[in-house]
Amino acid sequence: MTVERAVRQAVFVAPAKRGEVDRMRRAHASAAQQFRVSATGPEVWGWQGRTLGRRAGDCWLRIVSAEVDKAGGRLWEGTATADTHVPRSVPRPRLRGVLDWTAPDVAFRAELTEYVSVPPVTSGTPALDQDIALPDSWWSELKSALGTLATVPTDRESVRQNWVDRNFRRFLGIAPVRIRETTTGHADLHWANLTSAPLILFDWENWGRLPLGYDLGLLHAYSLAAPATAARIRREFGPVLDTDAGRTGELIALGQLLQACSRSVHPHLAPLIARQAEHLTGTPVPTP
């Protein structure tokens, strides 16, 4: 993937080709049979039909597909490595089983996790379109979860310097900056991956080392259409976002979102993201 998963989670649709839809459904049914569960819930498709999930009793069964020569690696193993490496005090669904198999030209991974009955804050989009009232305890829980996650040692790299070097001038209109301070983070922190009460974090495919401020900058950007919530994020996490290192992480998140906007993702957010980037840099965002 050339764009970080955090900005590629914007559209949840089945594959365009009927044959691919049928293949994913057959793979899901096969995984359910092997796990000895019955999938009865509505279908939930991921980015470009790459994933398919359904409720199966007290579990959630999700399959991911890739070309055989592209299977494996960081994103493929993210859910499983998070389950073993991230402390249980970081609230997330527990992994109950993993299956891998291949069909002609396609590899599949099935992940069986516990089913979480609490819905995410948003569905089908990572962005808020109106303010949400969250109690002080929720913000404290989020701080605690991110603080614990930050202490996890890992060699997984979720955000890379080479993306900054290639894309900062194009999307932010400024010279590339150096990533000088990193932390361990979720790398896909948006409102479709968070529940309100109790707090639970979904989708751990891309977790790993990233610039300080990246996760928070991403969540703030996805809140720009909900100004009171965006302001709350800046109040709660100002000690990170208002540092030089935090500003670098936020700029990288904004740059990646602007790249997504250039591909017609988040069109309603594009001017708000551009305005926030210009506020931080003092430089107009280049016209697409």
Side-chain angles (χ1 to χ4, degrees), residues 1-86 92-120 122-126 156 158 186-188 190 192-193 195 200-208 263 265:
M1 297 185 183
T2 57
V3 184
E4 300 299 335
R5 183 171 173 76
V7 300
R8 299 185 65 172
Q9 192 81 3
V11 181
F12 302 82
V13 294
K17 296 180 180 178
R18 181 68 195 185
E20 294 177 3
V21 172
D22 292 341
R23 182 172 61 189
M24 289 290 285
R25 286 173 172 163
R26 288 194 300 270
H28 196 280
S30 176
Q33 185 176 29
Q34 293 184 71
F35 278 125
R36 297 184 179 181
V37 297
S38 178
T40 57
E43 293 180 345
V44 177
W45 292 90
W47 173 259
Q48 295 184 339
R50 177 178 170 268
T51 67
L52 172 60
R54 294 181 70 189
R55 182 176 180 178
D58 64 350
C59 296
W60 181 261
L61 178 57
R62 173 181 178 269
I63 62 167
V64 57
S65 65
E67 296 176 14
V68 171
D69 60 347
K70 296 180 180 178
R74 182 173 53 84
L75 292 174
W76 194 263
E77 299 168 354
T79 301
T81 57
D83 191 70
T84 57
H85 288 72
V86 177
R92 63 191 189 282
R94 295 195 176 210
L95 183 65
R96 294 182 173 173
V98 174
L99 290 172
D100 290 302
W101 75 99
T102 59
D105 303 322
V106 183
F108 295 97
R109 166 163 282 210
E111 298 165 342
L112 190 70
T113 57
E114 67 175 321
Y115 177 73
V116 176
S117 60
V118 181
T122 60
S123 178
T125 174
R156 291 170 55 86
S158 299
H186 183 273
D188 206 3
H190 58 63
N193 281 338
T195 62
I200 296 171
L201 282 73
F202 296 115
D203 195 355
W204 287 83
E205 277 191 334
N206 201 29
W207 77 280
R263 298 171 178 173
V265 178

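In what follows, every heavy atom counts, from backbone to side chain, and hydrogens, waters and symmetry copies are set aside.
- Considering every non-hydrogen atom in both P93 and L201, the closest pair reads CD-O, 3.5 Å.
- Other residues, nucleotides and ligands contribute only 12 or fewer heavy atoms inside 6.0 Å of the CG atom of D105.
- How far CG of D58 is from OG of S117: 11.0 Å, rounded to the nearest 0.5 Å.
- Note that the OG atom of S65 and the CD atom of E20 stand 8.0 Å from one another [nearest 0.5 Å].
- Side-chain atoms of R50 and L75, non-hydrogen and from C-beta on, do get closer than 4.5 Å to each other.
- Summarising the geometry, atom CG belonging to D83 is positioned 8.0 Å from atom CZ belonging to R94; distances are rounded to the nearest 0.5 Å.
- Taking both residues in full, the closest heavy atoms of D203 and N193 are given as CB-OD1, 3.4 Å, listed atom of the first, atom of the second, then distance.
- Looking only at distances, no side-chain donor or acceptor of R156 sits under 3.5 Å from a matching main-chain atom of T81.
- Of the candidates W207, W204, F202, H186 forms a ring-ring contact (aromatic ring centres under 6.0 Å, His included) with just one, namely W204.
- Between R25 and E43, at least one side-chain N (NZ, or NE/NH1/NH2) sits under 4.0 Å from a carboxylate O, which counts as a salt bridge.
- One finds the CZ atom of F35 at 10.5 Å from the OG atom of S30 (value rounded to the nearest 0.5 Å).
- Note that the CZ atom of F108 and the CG atom of D100 stand 11.5 Å from one another [nearest 0.5 Å].
- Summarising the geometry of A192 relative to P120, their closest heavy-atom pair is O-CB, 3.4 Å, with the distance given to 0.1 Å.
- Atom OG1 of T79 sits about 5.5 Å away from atom CD of E205, to the nearest 0.5 Å.
- Considering all non-hydrogen atoms of both residues, L95 and A80 come closest at CD2-CA, 3.8 Å.
- The nearest pair of heavy atoms linking W101 to I63 is CH2-CG2, 4.5 Å.
- The backbone N or O of H28 sits nowhere less than 3.5 Å from a side-chain atom of R54 that would complete a donor-acceptor pair.
- What you find for G49 and M24 is that their closest heavy atoms are O-CE, 3.5 Å.
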